[in-house]
**Q** 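Just passing along the structure, written as C-alpha cells.
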Amino acid sequence: EVQLVESGGGLVQPGGSLRLSCAASGFTSGDYAIGWFRQAPGKDRDGISCISNKDDYTYYADSVKGRFTISRDDAKNTVYLEMTDLKHEDTAVYYCAADYNIPCRLIEGPVTYDYWGQGTQVTVSS
C-alpha cells in the first residue's frame with residue numbers, strides 16, 4: 001500500500017522553527033518528485049516547495065524562499081521540510097505529495113500529484 005505520512009507539526013512562536021517529515025512507504029520516494037503544499041483556513045491549497053526525483057533540484061515559492069529548506073534521506077525513504085523564521089501567515093495544514101512526472105517548477109500551478117499524505121497542522125502564534 002502506498003502511503004505518505006507527515007509529522008512534525010505543532011504550535012510555535014513567531015520566529016521559531018519546525019522540521020516536518022514526510023515518510024513514504026509502499027514505493028521508493030527517491031523515484032518521485034516530492035512536494036510540500038499548505039492550506040490555510042478559507043484559502044486555496046498552495047504548493048510551496050519541491051525536490052526533484054532526477055537531480056535533487058529544489059524549488060521554493062517566494063513566500064518561503066530563504067526560510068524553508070527541503071531535503072531527502074533516501075535511506076529512510078523520507079523527505080524533510082526545515083522551516084525557520086516562522087510567521088503568522090505560515091499557519092496552515094501542511095501536506096506532502098509525490099508525483100513521478102510533474103516537474104518541480106510547476107508546483108505553484110494547478111497540479112494534481114499522484115499520492116498525498118493526510119497533513120500536519122502548523123500553528124504560528126504567540
Side-chain angles (χ1 to χ4, degrees):
E1 179 188 4
V2 171
Q3 227 178 359
L4 290 169
V5 178
E6 302 96 335
S7 61
L11 174 64
V12 62
Q13 292 185 339
S17 300
L18 281 175
R19 188 178 78 160
L20 304 184
S21 299
C22 172
S25 60
F27 70 103
T28 301
S29 62
D31 292 340
Y32 287 72
I34 304 295
W36 283 96
F37 298 78
R38 67 185 181 186
Q39 187 165 22
K43 295 190 176 181
D44 292 337
R45 184 189 68 201
D46 293 326
I48 58 171
S49 185
C50 178
I51 185 164
S52 171
N53 53 337
K54 294 179 172 60
D55 53 6
D56 280 354
Y57 164 81
T58 57
Y59 180 90
Y60 300 94
D62 286 344
S63 59
V64 305
K65 196 175 295 181
R67 299 188 298 123
F68 291 11
T69 303
I70 191 170
S71 62
R72 69 194 318 155
D73 184 337
D74 289 340
K76 294 183 178 180
N77 222 23
T78 299
V79 171
Y80 303 98
L81 186 69
E82 189 78 37
M83 306 186 296
T84 63
D85 190 23
L86 283 162
K87 307 175 187 301
H88 290 290
E89 52 265 39
D90 293 318
T91 295
V93 178
Y94 284 70
Y95 301 88
C96 66
D99 194 272
Y100 191 77
N101 290 311
I102 298 175
C104 276
R105 60 183 169 80
L106 298 182
I107 193 172
E108 292 188 82
V111 295
T112 302
Y113 275 38
D114 292 332
Y115 307 117
W116 289 83
Q118 83 291 346
T120 186
Q121 176 71 46
V122 172
T123 302
V124 184
S125 176
S126 53

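What's counted below: heavy atoms across the whole structure, side chains too, no hydrogens, waters or symmetry copies. Given the structure is predicted, the values throughout are model-derived calculations rather than measurements.
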**Q** Using the side chain to side chain contact (heavy atoms under 4.5 Å, CB included) definition, which of the options L86, T84, L81 pairs with L18?
**A**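 Exactly one candidate clears the test, L86.
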
**Q** For residues I102 and T112, report the shortest heavy-atom separation together with the two atoms involved.
**A** CD1-O, 3.6 Å

**Q** Does anything in residues 7-18 form a side chain to side chain donor-acceptor pair (under 3.5 Å)? List the pairs, not counting sequence neighbours.
**A** none

**Q** Closest approach of F37 and G47, non-hydrogen atoms and distance?
**A**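 The pair with the smallest heavy-atom distance is CD2-CA, 3.4 Å.
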
**Q** Considering all heavy atoms of both residues, which atom of Y113 and which atom of A33 are nearest to each other, and what is their separation?
**A** CE2-O, 4.2 Å

**Q** Tell me the side chain to side chain donor-acceptor pair (under 3.5 Å) pairs involving residues 49-62, sequence neighbours left out?
**A** Y59-E108, D62-K65

**Q** Provide the full list of salt bridge (charged side-chain N to carboxylate O under 4.0 Å, His left out) pairs with a residue in residues 23-46, sequence neighbours left out, each pair given once.
**A**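 Listed once each, the pairs are R38-D90.
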
**Q** Answer yes if F27 and V79 sit in the same cluster of Ile, Leu, Val, Met, Phe, Trp and Tyr residues linked by side chain heavy atoms under 4.5 Å apart, and no otherwise.
**A** yes

**Q** Tell me, please, which residues at least two apart from D85 pass salt bridge (Lys or Arg N to Asp or Glu O under 4.0 Å).
**A** K87

**Q** Same hydrophobic cluster for I70 and V64, using side-chain heavy-atom links shorter than 4.5 Å among ILVMFWY?
**A**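 Same cluster: I70 reaches V64 through Ile, Leu, Val, Met, Phe, Trp or Tyr contacts under 4.5 Å.
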
**Q** Step through it carefully: locate the ring centre of W36, locate the ring centre of F68, and say whether they are under 6.0 Å apart.
**A**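 Between W36 and F68, the centre distance exceeds or equals 6.0 Å.
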
**Q** With sequence neighbours excluded, what pairs up with S125 under the side chain to side chain contact (heavy atoms under 4.5 Å, CB included) test?
**A** L11, T123

**Q** For residues T120 and L20, report the shortest heavy-atom separation together with the two atoms involved.
**A** CG2-CD2, 4.0 Å

**Q** Can you run down the ring-ring contact (aromatic ring centres under 6.0 Å, His included) pairs that involve residues 86-105, sequence neighbours left out, and say none if there aren't any?
**A**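 ring-ring contact (aromatic ring centres under 6.0 Å, His included) check on residues 86-105 returns Y32-Y100.
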
**Q** Please find the pair of heavy atoms, one from I48 and one from I107, that lie closest to each other, and give the distance.
**A** N-CD1, 4.3 Å

**Q** Only counting residues at least two apart or in another chain, list the ones meeting side chain to side chain contact (heavy atoms under 4.5 Å, CB included) with S25.
**A**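 Residues passing side chain to side chain contact (heavy atoms under 4.5 Å, CB included) with S25: Q3.
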
**Q** Of all residues at least two apart in sequence or in a different chain, which pass the side-chain hydrogen bond (donor to acceptor under 3.5 Å, both in side chains) check with R105?
**A**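 In terms of side-chain hydrogen bond (donor to acceptor under 3.5 Å, both in side chains), with neighbours along the sequence ignored, R105 is linked to no residue.
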
**Q** Can you pull out every side chain to side chain donor-acceptor pair (under 3.5 Å) where at least one residue sits in residues 70-79? Sequence neighbours excluded, please.
**A** S29-N77, R72-D74

**Q** Give me each pair satisfying disulfide (SG to SG under 2.5 Å) with a member in residues 16-94, each pair once, sequence neighbours excluded.
**A** C22-C96, C50-C104

